[in-house]
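This report concerns only the one structure given below.
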Amino acid sequence: MMQSPRCGAKTRAGTPCLAPATRGRARCRMHGGAAGSGAPDGNRNALKHGVYTSEAIEWRKQINQLMRSSRALNAEI
């Protein structure tokens, strides 16, 4: 057990992790060596409600433009 490669991650204290690395990987099970661990592809962790996605921003711009043009039309009438 002492001869197995060690995890290459750093702890909060700044010292290297002393846990053995998972077979075939450079990290231990707690730092991303286990199957299925880590963030999902595309960083879906950051997406909470979608208010600031590019599609939502573009949609709001189009709605605002439509509102401005309808106010201008009402002012002419």
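When a residue number appears, it is its place in the shown sequence, counting from 1.
Nearest heavy atom pair, residue I57 against residue V51, reads CG1-O, 4.4 Å.
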Throw together a table of side-chain donor-acceptor distances under 3.5 angstrom for residues 4-23, partners on residues two or more places apart or in other chains.
{"from": "S4", "atom 1": "OG", "to": "M1", "atom 2": "O", "distance (Å)": "2.8"}
{"from": "R6", "atom 1": "NH1", "to": "L18", "atom 2": "O", "distance (Å)": "2.7"}
{"from": "R6", "atom 1": "NH2", "to": "M1", "atom 2": "O", "distance (Å)": "2.8"}
{"from": "T11", "atom 1": "OG1", "to": "A13", "atom 2": "N", "distance (Å)": "3.4"}
{"from": "T11", "atom 1": "OG1", "to": "T15", "atom 2": "N", "distance (Å)": "3.4"}
{"from": "T11", "atom 1": "OG1", "to": "T15", "atom 2": "O", "distance (Å)": "3.0"}
{"from": "T11", "atom 1": "OG1", "to": "T15", "atom 2": "OG1", "distance (Å)": "2.9"}
{"from": "T22", "atom 1": "OG1", "to": "R27", "atom 2": "O", "distance (Å)": "3.1"}

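Atom CZ of R71 is separated from atom CZ of R68 by 8.5 Å, given to the nearest 0.5 angstrom.
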- Query: Please walk me through it: do L66 and S69 pass side-chain contact (heavy atoms from CB on, under 4.5 Å)?
  - Reply: CA-CA 5 Å; L66 182 63; S69 63; 4.2 Å; yes
